[in-house]
Amino acid sequence: MKLLELQQTLRACVRATAATKFDIALESVVAEIPPRTELGDLAFPVAFELAKRIKQATGQKANPRALAEELKVALEAEPNVARVEVAGAGYLNVFFDRAALLAQFAALDVSSDANGAVAQDAKRKIIVEHTNINPNKAAHIGHVRNAVLGDAFVRVLRATGAEVEVDNYIDNTGVQVADVVVGFMHVEQLTRADVRALDESLPPEHPFDYYCWDLYARVGLFYRNGDADAKEDPARLQLRAEVLHALEAGDNETAALADYVATRIVECHLQTMARLGIRYDLLPRESDILHLGFWQRAFERLKETSTIRFETEGKHAGCWVMPTDLHEGTDEHEADKIIVRSNGTVTYAGKDIAYQLWKLGQLGLDFYYKPFRTYEDGHTVWVTTSEPLPHRVYVPYSTNMQDVPTHPHFGGGQVVYNVIDSRQSYTQDVVRRGAAAVAPDVGEAASVHLAYEMVALSPAACEELGFELSAEDRARPFIEMSGRKGLGVKVDDLINRLEADALAEVEARHADLSQDEKLKTAHLIAIGALRYFLLKWTRNSLIAFDFKEALSFEGETGPYCQYAAVRANSIFRKLDPATLNEAHELIGAMGANEDTAAAVGQVFAGASGDELWSLVTLAARLDEVIAQAATQEEPAHLAKYAFQLARAFNLFYHRHRIIAEEDAARRAVLIQIADLVRRQLTNALSTLGIGVPERM
RNA sequence: GCUCCCGUAGCUCAGUGGAUAGAGCAUCUGCCUUCUAAGCAGAGGGUCGCAAGUUCGAGUCUUGCCGGGGGCACCA
């Protein structure tokens, strides 16, 4: 019996009793976890509502306490319930059978099937799209908030049993790629062959994405004739327009250069993300959406369904617009959203509606696919193409020509989550409504904008990066990053720093470890620190990035949580196998041996017993927290829980000597609790994408 | 102008309509001969922006106001 199942059973019991005894049909039964263990394990503040409903139905006044007493009798008859108290004006406080539940929790195998009870999503295919970084420069900390949030959410969904496809959209024909192409062609006067040679000559500590980071900032200056405060020069902007035009047309040398740049940058991004444990299933590319006519098909369907209309007069004459009521129109801003410009070209929102329809399986067109990269464990990331492949191709990262493996079925999600920062809420609303208007069966609920606030820099972080600030800027709470200015914290730089700091700590504590083990440990700690740092904030909280905070391994951090798990594991590394076995047997034998059951019950008695039991129930709550993180679309809940559990364990670890405990029943209980906590904590961290090292 | 989000301890943030509002950081005081001190304990610190309303019950829901941020391009 899992905690979540027990809760559901008890809720059902309350509902059934309300129906049979009082003839009241409760839609939902609110259950609450009391603030302190002494007040019970589960509380139902249901008697107040029942009293009100009875009065409404019969006109008779009912006493909440009396109603609670009736419910108490029913609840006490349920298995695993030790007793029920009626408290205050009518609270029902349920106390579980501690010894019996500990034995049941001990028997559960958390790793194989953490959340079978909440696998309601098992039959639906869910698509989560995240990362979506413009392939023109190195990834910065803001990009990685998107990726880590998306990846953690994917892990949460998978933990509930859902089938999830992870897409990372590649905007390889947009302005940002065009800008870097302008940089190579017109600032540096390089050909495609030159760029390739340059790329191959770059040192590992300053790779291609770093080079483009700097080049992109230089192009920003180039457009302004070298003066950062000047206006952009129209003649130079014309170069960008020409490049964009060439990219859209395809099949020319400029497009080939852009493809080289974008593909190499995507390789860099995937490498960076792989360091963080983030992987994808598919990389859909904008160029393929263009070449395969996704927009034309979507355009037809938007017209057929009258989702968009052609304007013959007014400000938008000659445009196709989508009427919206998302905000009221004013002189400055029309309420309607332009989908097709008067020159016949489609806007970003229009293209995105087409792509969203594909993701929902509602477009009636598909991409072609080829393998992009295969990880060590054999997982392949695919990329879209515009043409079918020959039967045998060169597969990247392998040495031979191979038969093209058959690709999985991509797209066609019942629900599509787009992880995009909250500044794009308006466009996402337009996309959701447009897609739903074309495919009413699917509806708006199928398109979810998983919005989050951006990562900005604290003024101190800006100065640490070598950017001069005005007095005014220094007083601001945060400063927005800018790729165009080259202002930002590159993810690889940050990971390198975290790994170096972690390595220094590991060196100091475990000089005996091999170099390989030290590096591996430092890596796990660094990634744990970074991922936790990005996940501990709720989505709508803006992160003002601060080096001191991000580089910390103490307090509410990933390493703190990892450390608790490492401590728990070290108990079992040192524990004599016979003692461990004895503990398992003692807990397992409780059902058959009354003396043992009484002894275990005694361990859980009193204030000390309450303290131990509160750790057990906290640990047992993992699947409930994961289900909550999934339905509320908030991985931060799980991060907070992991920290809370680690904190509770550290206190337990400090107060009790487990191996040295002489009383057999007490020792068995302590061992069982430590074992339960380490399994649940490891599982919680793994669902956040955080690994636990052997030692730290 | 319209619209969305935010306002909780000195700072940064958690907080399903439910019991005495919590963490981390910072400050101060203790605790390493122990299964790892990346730890633990303790102290100080609150008009939950303001006002009204709904409710048995409001930090949480509604409305108004004040303050801050984002969005509302024939950009992406």
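Every chain is numbered from 1, with letters handed out A, B, ... down the list of sequences.
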Touch check for [X], heavy atoms < 4.0 angstrom, all strands: base, sugar-phosphate only, or nothing?
{"X": "Arg655(A)", "result": "nothing"}
{"X": "Ala43(A)", "result": "base"}
{"X": "Gly174(A)", "result": "nothing"}
{"X": "Ala317(A)", "result": "base"}
{"X": "Arg573(A)", "result": "nothing"}
{"X": "Leu651(A)", "result": "sugar-phosphate"}
{"X": "Asp171(A)", "result": "sugar-phosphate"}
{"X": "Asp576(A)", "result": "nothing"}
{"X": "Leu575(A)", "result": "nothing"}

[atom1]-based separation of [M] from [N] [nearest Å]:
{"N": "G49(B)", "M": "G67(B)", "atom1": "C1'", "answer": "7 Å"}
{"N": "C13(B)", "M": "C48(B)", "atom1": "C1'", "answer": "13 Å"}
{"N": "C66(B)", "M": "U29(B)", "atom1": "C1'", "answer": "42 Å"}
{"N": "G45(B)", "M": "G22(B)", "atom1": "P", "answer": "15 Å"}
{"N": "U12(B)", "M": "G69(B)", "atom1": "P", "answer": "14 Å"}
{"N": "A38(B)", "M": "C32(B)", "atom1": "P", "answer": "15 Å"}
{"N": "G68(B)", "M": "A76(B)", "atom1": "C1'", "answer": "27 Å"}

Of the listed nucleotides ([options]), which one gets closest to any side-chain atom of [X]?
{"X": "Thr427(A)", "options": "A76(B), C13(B), A19(B)", "value": "A76(B)"}
{"X": "Trp537(A)", "options": "C72(B), U12(B), U36(B)", "value": "U12(B)"}
{"X": "Ser570(A)", "options": "U36(B), G39(B), C56(B)", "value": "U36(B)"}
{"X": "Val566(A)", "options": "C56(B), U36(B), C72(B)", "value": "U36(B)"}
{"X": "Glu556(A)", "options": "G24(B), C6(B), G39(B)", "value": "G24(B)"}
{"X": "Arg509(A)", "options": "A76(B), A37(B), C74(B)", "value": "A37(B)"}
{"X": "His316(A)", "options": "C74(B), A38(B), G24(B)", "value": "C74(B)"}
{"X": "Arg423(A)", "options": "A19(B), C56(B), G70(B)", "value": "G70(B)"}
{"X": "Glu549(A)", "options": "U12(B), A38(B), A41(B)", "value": "U12(B)"}
{"X": "Lys52(A)", "options": "A19(B), C56(B), A37(B)", "value": "C56(B)"}

Which whole-number value in Å describes the distance from Asp421(A) CG to A76(B) C1'?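 It works out to 12 Å between those atoms.
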Could you state the atom-to-atom distance from CG of Asp429(A) to P of U3(B) in whole Å?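 About 14 Å, once rounded to whole Å.
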Can you name the residues that form a ring pair (Phe, Tyr, Trp, His ring centres under 6.0 Å) with [X], not counting sequence neighbours?
{"X": "Phe48(A)", "value": "Tyr91(A)"}
{"X": "Phe44(A)", "value": "none"}
{"X": "Phe310(A)", "value": "Trp320(A)"}
{"X": "Tyr563(A)", "value": "none"}

Nearest nucleotide by nearest heavy atom, which residue falls closer to the 5' end of RNA chain B, Cys319(A) or Ala87(A)?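 Of the two residues, Ala87(A) wins.
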If you find the nucleotide of RNA chain B closest to Arg539(A) and the one closest to Gly318(A), which residue's nucleotide is nearer the 5' end?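 Residue closer to the 5' terminus by nearest nucleotide: Arg539(A).
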Has Tyr91(A) got its ring stacked on the base of G18(B), with centres under 5.5 Å and planes less than 30° apart?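 Here Tyr91(A) fails the 5.5 Å or the 30° condition.
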Close N or O pairs between protein and nucleotides 26-34 of chain B (under 3.5 Å):
{"unit_1": "U34(B)", "atom_1": "O2", "unit_2": "Arg657(A)", "atom_2": "NH1", "d": "3.1"}

Look at the side chain of Arg36(A) against the base of U20(B) and say whether a donor-acceptor pair falls under 3.5 Å; ignore hydrogens and angles.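 Counting by modelled atom types and ignoring angles, a donor-acceptor contact under 3.5 Å is found here.
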Which ones in residues 643-650 of chain A lie close to RNA chain B, meaning a heavy atom under 4.0 Å from one of its atoms?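 Contacting residues: Phe643(A), Asn650(A).
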Within residues 341-350 of chain A, which residues have any heavy atom lying less than 4.0 Å from an atom of RNA chain B?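 Going residue by residue through residues 341-350 of chain A, the ones with a heavy atom under 4.0 Å of RNA chain B turn out to be Arg341(A), Ser342(A), Thr347(A), Tyr348(A).
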Quick check on [N]: is either OP1 or OP2 less than 4.0 Å from any side-chain nitrogen or oxygen of [X]?
{"X": "Tyr532(A)", "N": "G24(B)", "answer": "no"}
{"X": "Tyr563(A)", "N": "A38(B)", "answer": "yes"}
{"X": "Lys574(A)", "N": "U36(B)", "answer": "yes"}
{"X": "Ser425(A)", "N": "C4(B)", "answer": "no"}

List the atom pairs, with distances to 0.1 Å, where a side-chain N or O of residues 646-655 of chain A and a protein N or O form a donor-acceptor pair under 3.5 Å, not counting sequence neighbours.
{"unit_1": "Asn650(A)", "atom_1": "OD1", "unit_2": "Arg567(A)", "atom_2": "NH1", "d": "2.7"}
{"unit_1": "Asn650(A)", "atom_1": "ND2", "unit_2": "Tyr560(A)", "atom_2": "OH", "d": "3.2"}
{"unit_1": "Arg655(A)", "atom_1": "NH1", "unit_2": "Glu611(A)", "atom_2": "OE1", "d": "3.3"}

Can you tell me which stems RNA chain B forms when a stem means 3 or more consecutive Watson-Crick or G-U pairs under 3.5 Å?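 The stems are B:1-7 with B:66-72, B:10-13 with B:22-25, B:27-31 with B:39-43, B:49-53 with B:61-65.
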For a side-chain hydrogen bond (donor to acceptor under 3.5 Å, both in side chains) check, start with the C-alpha distance between Asp233(A) and Gln238(A), then their side-chain angles and the critical distance, and finish with the verdict. CA-CA 9 Å; Asp233(A) 180 346; Gln238(A) 183 56 31; over 6 Å; no
Taking O4'-C1'-N9-C4 for purines and O4'-C1'-N1-C2 for pyrimidines, is C28(B) syn (within 90° of 0) or anti?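 Here C28(B) takes the anti form, which means its glycosidic angle is more than 90° from 0.
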Nucleotides 15-17 of chain B: which of its N/O atoms have a protein N/O under 3.5 Å away?
none

For the residue pair Leu551(A) and Asp501(A), establish whether any side-chain heavy-atom pair is separated by less than 4.5 Å.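 With C-beta onward as the side chain, the pair touches.
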Mind telling me whether Tyr532(A) and Phe643(A) have parallel, tilted or perpendicular rings, with 30° and 60° as the class edges?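 It falls in the tilted class, 30° to 60°.
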Any donor-acceptor pair under 3.5 Å linking the side chain of Lys337(A) with the backbone of Met322(A)?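 Checking the backbone N and O of Met322(A) against the side chain of Lys337(A), no donor-acceptor pair under 3.5 Å is found.
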Indicate whether the side chain of Thr345(A) and that of Arg341(A) have a donor and an acceptor atom separated by less than 3.5 Å.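 Per modelled atom types, Thr345(A) and Arg341(A) side chains form a pair under 3.5 Å.
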Looking only at side-chain N and O atoms, does Gln7(A) offer a donor or acceptor that is under 3.5 Å from a partner on Glu624(A)?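 Side-chain D/A pair, Glu624(A) to Gln7(A): present.
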Listed by chain and number, what are the salt bridge (charged side-chain N to carboxylate O under 4.0 Å, His left out) partners of Glu85(A), not counting sequence neighbours?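 For Glu85(A) the salt bridge (charged side-chain N to carboxylate O under 4.0 Å, His left out) partners, ignoring immediate neighbours, are Arg83(A).
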Pairs satisfying salt bridge (Lys or Arg N to Asp or Glu O under 4.0 Å), at least one member in residues 540-558 of chain A, at least two apart: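 Of all non-adjacent pairs touching residues 540-558 of chain A, those that pass salt bridge (Lys or Arg N to Asp or Glu O under 4.0 Å) are Glu556(A)-Lys640(A).
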